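Inspection log for the structure reproduced underneath, given as structure tokens.
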Amino acid sequence: MTAEEIAELRRKFYNATVVSLQLPNEELMILRVKPDAGVPAHRAGQYSTLGLGHWEPRVPGCQEEVVKPGDEKKLIRRAYSISSSIVDEAGNVPDRTEQDWLEFYIVLVRHAEKAPPALTPRLFSVKEGDRIFLGEKIAGHYTLEPVKPTDNVLFLSTGTGEAPHNYMLWQLLHTQHQGKVLAACCVRYQRDLGYLKIHQDLMRRVPSYTYLSLTTRETTNAGQKVYIQDLITSGQLEERLGAPLDPARTHVYLCGNPKMIGVPTLDKETGQLSFPEPLGVIEILSKRGFQMDQPSIKLKGNIHIEEYW
């Protein structure tokens, strides 16, 4: 494909500009994208779509990819939760109503079982000022809508599943939420916590906020791994929250590794839930009186999970 053809495809498909790009490590990206048409109305916790063409370069060291004939001029698209750095450069919680960009928190996928990763190896080749595709719609039901001002809120995540929680945390701080807020994120190494310093600073400034960072592969915690499930069953989470896990006034948000979440299947005939193995957070909390949202039967609960559909 010629340079002229690529330039024409970019003009045809791309509708946004990369205005900021940070790499906490070589496989982790905090990306800010400014849409040409302005930021659509949306709520914290929702998601949009990013895209790049098959014609764009890929970073080295990724699984080899063979582009199917006919796909060379097509876009690769994927849904990503909108993130937030929560505070501005001065450390204050800003009013984001006039913000003209959206932030995304993305991990580089170098290898995949079903098919070679297509989008993230290309996203990690972009630079500030580059053009990109951004979905015109922002959607999703993973929001703070059911939370009352005095409720306690738990954000439990793995890796970049922290993204929507950061945006919702910004909203809670901006609206001066009265309940306690705890966020816990489990990753392999501390370097995989792209927002760690912000959360640590917030804890010093906001008495009602607690952030717990869990790592599973650091040499310092060999033989002492603590997963989010362990935090709950051991009582450590309640201790750090400073309040019991009361289903009547607590909302739990889960995003990330499916094994951590443990989404059950519903038998429509009996109404019974069947939980997967290993033990996930939903099963642990269900035994303590919590109820997962079940949109198929229009049941609103106090355990909420992200779904990109």
Side-chain angles (χ1 to χ4, degrees), residues 86 105 142 144 147-148 150-166 168-169 172-173 177-264 275-293 301-306:
I86 309 168
Y105 188 36
Y142 193 63
L144 291 168
V147 175
K148 298 176 182 177
T150 57
D151 286 342
N152 294 331
V153 181
L154 305 181
F155 295 123
L156 309 180
S157 64
T158 60
T160 54
E162 180 180 358
H165 299 169
N166 289 339
M168 288 190 275
L169 173 60
L172 292 174
L173 295 175
H177 185 72
Q178 300 169 43
K180 294 179 179 292
V181 181
L182 181 147
C185 187
C186 186
V187 294
R188 295 174 301 173
Y189 301 100
Q190 184 169 310
R191 65 188 179 89
D192 298 323
L193 294 164
Y195 295 90
L196 179 59
K197 185 178 185 303
I198 291 173
H199 289 294
Q200 291 174 332
D201 290 343
L202 281 172
M203 277 200 297
R204 288 190 284 268
R205 297 172 51 196
V206 182
S208 60
Y209 178 59
T210 302
Y211 183 75
L212 304 178
S213 58
L214 309 176
T215 58
T216 60
R217 297 190 185 180
E218 295 284 6
T219 56
T220 54
N221 60 18
Q224 305 177 61
K225 294 180 182 179
V226 176
Y227 294 91
I228 288 176
Q229 296 94 311
D230 302 324
L231 279 181
I232 302 171
T233 56
S234 67
Q236 293 179 67
L237 190 144
E238 284 178 299
E239 181 181 346
R240 295 298 302 272
L241 178 66
L245 292 181
D246 179 4
R249 56 164 305 189
T250 306
H251 283 268
V252 181
Y253 289 82
L254 302 172
C255 190
N257 191 325
K259 291 182 180 180
M260 179 273 288
I261 298 172
V263 178
F275 291 97
E277 294 184 356
L279 180 67
V281 171
I282 294 178
E283 183 174 2
I284 296 170
L285 293 178
S286 294
K287 292 177 180 178
R288 301 187 61 166
F290 284 80
Q291 175 68 59
M292 181 184 72
D293 290 336
N302 43 22
I303 301 176
H304 316 285
I305 61 174
E306 175 59 291

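Remember, predicted model here, so these are calculated numbers, not experimental data. Below, each value reflects all heavy atoms present in this structure, side chains not excepted, and no hydrogens, waters or symmetry copies.
Under 4.0 Å is where a charged nitrogen must lie from a carboxylate oxygen, and between R288 and E238 at least one such pair does. One finds a salt bridge joining D201 and K197 here, because a Lys/Arg side-chain nitrogen approaches an Asp/Glu carboxylate oxygen to under 4.0 Å.
Residue L169 is tested with H177, E162, H199 for a side chain to side chain contact (heavy atoms under 4.5 Å, CB included); the sole match is H199.
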(request) Just do the side chain to side chain contact (heavy atoms under 4.5 Å, CB included) check on I282 and I305 with the steps written out, would you? (result) CA-CA 10 Å; I282 294 178; I305 61 174; 4.1 Å; yes
(message) Test side chain to side chain contact (heavy atoms under 4.5 Å, CB included) on T216 and Y189; report intermediate values, then the result.
(response) CA-CA 7 Å; T216 60; Y189 301 100; over 6 Å; no
(request) Mind running side chain to side chain contact (heavy atoms under 4.5 Å, CB included) on L237 and L156 for me, showing each step along the way? (result) CA-CA 11 Å; L237 190 144; L156 309 180; 4.0 Å; yes
(request) Take R217 and V187 through the test side chain to side chain contact (heavy atoms under 4.5 Å, CB included) and record every step on the way to the result. (result) CA-CA 8 Å; R217 297 190 185 180; V187 294; over 6 Å; no
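The shortest heavy-atom contact between I228 and S157 is CD1-O, 3.1 Å. The shortest heavy-atom contact between L245 and P247 is O-CD, 3.3 Å. In terms of heavy atoms, A183 sits closest to Y209 at CB-OH, 3.5 Å. Scanning both residues, F290 and T250, for their nearest heavy atoms gives CE2-O, 3.7 Å.
Here I261 contributes atom CD1 and Q229 contributes atom CD; the two are 10.0 Å apart, rounded to the nearest 0.5 Å. Taking CG from L173 and CG from L202, the interatomic distance works out to 6.0 Å, rounded to the nearest 0.5 Å. One finds the CG atom of D192 at 9.0 Å from the SG atom of C185 (value rounded to the nearest 0.5 Å). Summarising the geometry, atom CZ belonging to F155 is positioned 12.5 Å from atom OG1 belonging to T210; distances are rounded to the nearest 0.5 Å. One finds the CG atom of L285 at 8.5 Å from the CG atom of N302 (value rounded to the nearest 0.5 Å). Rounded to the nearest 0.5 angstrom, Q178 CD and S208 OG are separated by 10.0 Å.
Judged as a ring pair (Phe, Tyr, Trp, His ring centres under 6.0 Å), and not counting sequence neighbours, the contacts of Y142 are H165, Y253.
Judged purely by distance below 3.5 Å, without hydrogens or angles, the side chains of N152 and H251 never pair a donor atom with an acceptor atom. Checked by atom type, the side-chain pair H304/D293 shows a donor-acceptor distance below 3.5 Å.
Under the 6.0 Å cut-off for aromatic ring centres, Y195 and Y211 do not qualify, their centroids lying 6.0 Å or more apart.
You'll find the side chain of M292 reaches within 4.5 Å of the side chain of P264, heavy atoms only. Between Q291 and I303, every side-chain heavy-atom pair lies at or beyond the 4.5 Å cut-off.
In this structure, R240 places its CZ atom where only 12 or fewer heavy-atom neighbours from other residues, nucleotides or ligands lie under 6.0 Å away. Within a 6.0 Å sphere centred on CD of Q236, heavy atoms belonging to other residues, nucleotides or ligands number more than 12.
Y105 contributes a side-chain N or O that, together with a main-chain N or O of G194, makes up a donor-acceptor pair within less than 3.5 Å.
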